Number of protein chains: 2
Amino acid sequence: MSLKFILLGLLDQPRSGYDIKQIFEGTLKNFWNAELSQIYPLLSKLEREGYLESDLVDSSHGPRRRIYHRLAQAETELFDWLASEPDMPVARIGYLAQMFFMEKVSPKQRCGFLHRLRERFEQQHRFLSGLTAQYPLEDFEQNTPSQDDPQASSERYLARVLTMHHGVLRLKALIDWCDLCLCWFDRLPKNS
Amino acid sequence: MSLKFILLGLLDQPRSGYDIKQIFEGTLKNFWNAELSQIYPLLSKLEREGYLESDLVDSSHGPRRRIYHRLAQAETELFDWLASEPDMPVARIGYLAQMFFMEKVSPKQRCGFLHRLRERFEQQHRFLSGLTAQYPLEDFEQNTPSQDDPQASSERYLARVLTMHHGVLRLKALIDWCDLCLCWFDRLPKNS
DNA sequence: TGTTCCATGTAATAAGTTACATGATTTA
DNA sequence: TAAATCATGTAACTTATTACATGGAACA
């Protein structure tokens, strides 16, 4: 159900399904993803249900594009979703399921697994750290210049910058956890 | 696909679908969940495919139970899964999707949302902290007594204790993130 | 006698992935 | 001329959720 609201949220300005997929690939992929084969049918369903309208627009450099824009009903339900309870479904963490049974394999395999896991976390952490460095929180300070345009600039994007910080803090904790695991696995006799 | 291996992993001793659901509710729910309506059909599919066998056993206090046990093929594929790459599908974090659009609502609603989120993390963190306290890592030290029984006790469960620590560290980071968000939202003018 | 727990299943629906099909335009 | 990118879709399949159906045993 969340994907519906993500699409409605991204249509704060008119966009095509292809445009939306670019946004998933570029910035949203840290906390959500959707394939074009899921986006296109859902957009047309939302149009049938009265959330959206679309126009076919010729493109200067490719085939015609179907550009969607959102209607009043979309904004109402979007705001309801934002004001409702935090969406926290059951976590499904595949690598932790593997970890749960990891006692079954050799110490060498256990450590190999954790090193590979750590390296992946490390990569994502480096990427997100670099990204957040480009948007310092200090720029959102209230006694900063450019208070003349209350609607534009800084305030509009604070929430989005904070979503990046979520990844940074989370990944740091997961890297620490890998180190904790490697540390304790090493204290076990190597003959099991 | 992970659920298949979780079921195979849990069948290190003979169990029924109902037994397995109890384990999900009790300890696995921190990183996975499955309903009985998913477990029963998958168990019978895995039996058809030659991973499992089952027997109908009368119960002293209720209807007869179908008890599954795993076969050689199950163990082979289970070990392959454990030695393979860490299973890290695209994260789908609904509350972060909400956060991404949170600029659209009032500061009061934003903070309400984050306080509710923080409270949920706090609850889970308290629960898992209490649980890990019952299984101190020090008990797994290699120069500890009871090295006389190498197969039993401590070593067998270290990986499982470490999966709990994953939750503790992760939730601590998420609580810190909520505090960071609340701190920076408070610095914004209250009139938007 | 009603509620909870034990126990196993099916059916319908929703959400997500992979594969397939089509065709224009741009770039190497 | 071949490959990559732009652009929109359908079909088949897998995974997960919710609702439904059944019936015995324990307990209050």
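Since the model is a prediction, treat every value here as computed from it, not as a measurement.
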Are A:K29 and B:V90 close enough, and set up right, to give a side-chain contact (heavy atoms from CB on, under 4.5 Å), and what steps lead you there? CA-CA 8 Å; A:K29 64 158 181 279; B:V90 209; 5.5 Å; no

Rest of the hydrophobic cluster containing A:Y40 (Ile/Leu/Val/Met/Phe/Trp/Tyr, side-chain heavy atoms under 4.5 Å)? A:Y18, A:L36

For A:R126, enumerate each residue passing the side chain to side chain donor-acceptor pair (under 3.5 Å) test, keeping only those at least two apart in sequence or located in another chain. none

For B:L8, which of B:L71, B:T76, B:L52 qualifies under side chain to side chain contact (heavy atoms under 4.5 Å, CB included)? B:L52

What residues 15-37 of chain A contributes to the DNA chain C interface at heavy-atom separation below 4.0 Å is A:W32, A:E35, A:S37

What pairs with A:P14 under side-chain contact (heavy atoms from CB on, under 4.5 Å), at least two apart in sequence or on another chain? A:I67, A:H69

So the ring pair (Phe, Tyr, Trp, His ring centres under 6.0 Å) pairs with at least one residue in residues 77-101 of chain B (sequence neighbours excluded) are A:F31-B:F100, A:H166-B:Y95, B:F5-B:W81, B:Y95-B:F121

Say whether, by atom type as modelled, one donor and one acceptor occur between the side chain of B:Q98 and the main chain of A:E85 under 3.5 angstrom. yes

According to side-chain contact (heavy atoms from CB on, under 4.5 Å), who are the partners of B:S129, at least two apart in sequence or on a separate chain? B:H125, B:V168

For residues 91-102 of chain B, which residues have at least one heavy atom under 4.0 Å from DNA chain C? B:R92

Restricting to pairs with a member in residues 46-59 of chain A, which pass salt bridge (charged side-chain N to carboxylate O under 4.0 Å, His left out), not counting sequence neighbours? A:K45-A:E49

Does any non-hydrogen side-chain atom of A:L28 lie less than 4.5 Å from one of A:L10? yes

CA sep, side-chain torsions, deciding dist, call: A:Y51, A:L7, side-chain contact (heavy atoms from CB on, under 4.5 Å): CA-CA 11 Å; A:Y51 294 100; A:L7 297 187; over 6 Å; no

For A:A34, the side-chain contact (heavy atoms from CB on, under 4.5 Å) test, sequence neighbours excluded, returns A:L3, A:F24, A:Q38, A:I39

Checking side-chain contact (heavy atoms from CB on, under 4.5 Å) for the pair B:L180/A:L137: CA distance, chi angles, key distance, verdict? CA-CA 10 Å; B:L180 179 79; A:L137 285 173; 4.2 Å; yes

At 10 degrees resolution, what angle do the end axes of the helix from C:dT1-D:dA28 to C:dA28-D:dT1 form when each is taken over five base pairs? 30°

A:D186 versus A:C111, closest heavy-atom pair with distance: OD1-SG, 4.4 Å

Assert: residue with more 5' nearest nucleotide on DNA chain D, out of A:I67 and B:Q38, is A:I67

So if I take residues 39-59 of chain A and measure heavy-atom distances to DNA chain C, which residues fall below 4.0 Å? none

Go through DNA chain C in 5' to 3' direction and return only the first and the last nucleotide with some atom under 4.0 Å of chain A's heavy atoms. C:dA15 to C:dT26

Apply the test side-chain contact (heavy atoms from CB on, under 4.5 Å) to residues A:M1 and A:D87: give CA-CA distance (whole Å), side-chain angles for both, the deciding distance (0.1 Å), then the verdict. CA-CA 10 Å; A:M1 200 74 285; A:D87 180 0; over 6 Å; no

Here's a test of your reading of the structure: between B:R65 and B:V90, which maps to the more 5' nucleotide of DNA chain C? B:R65

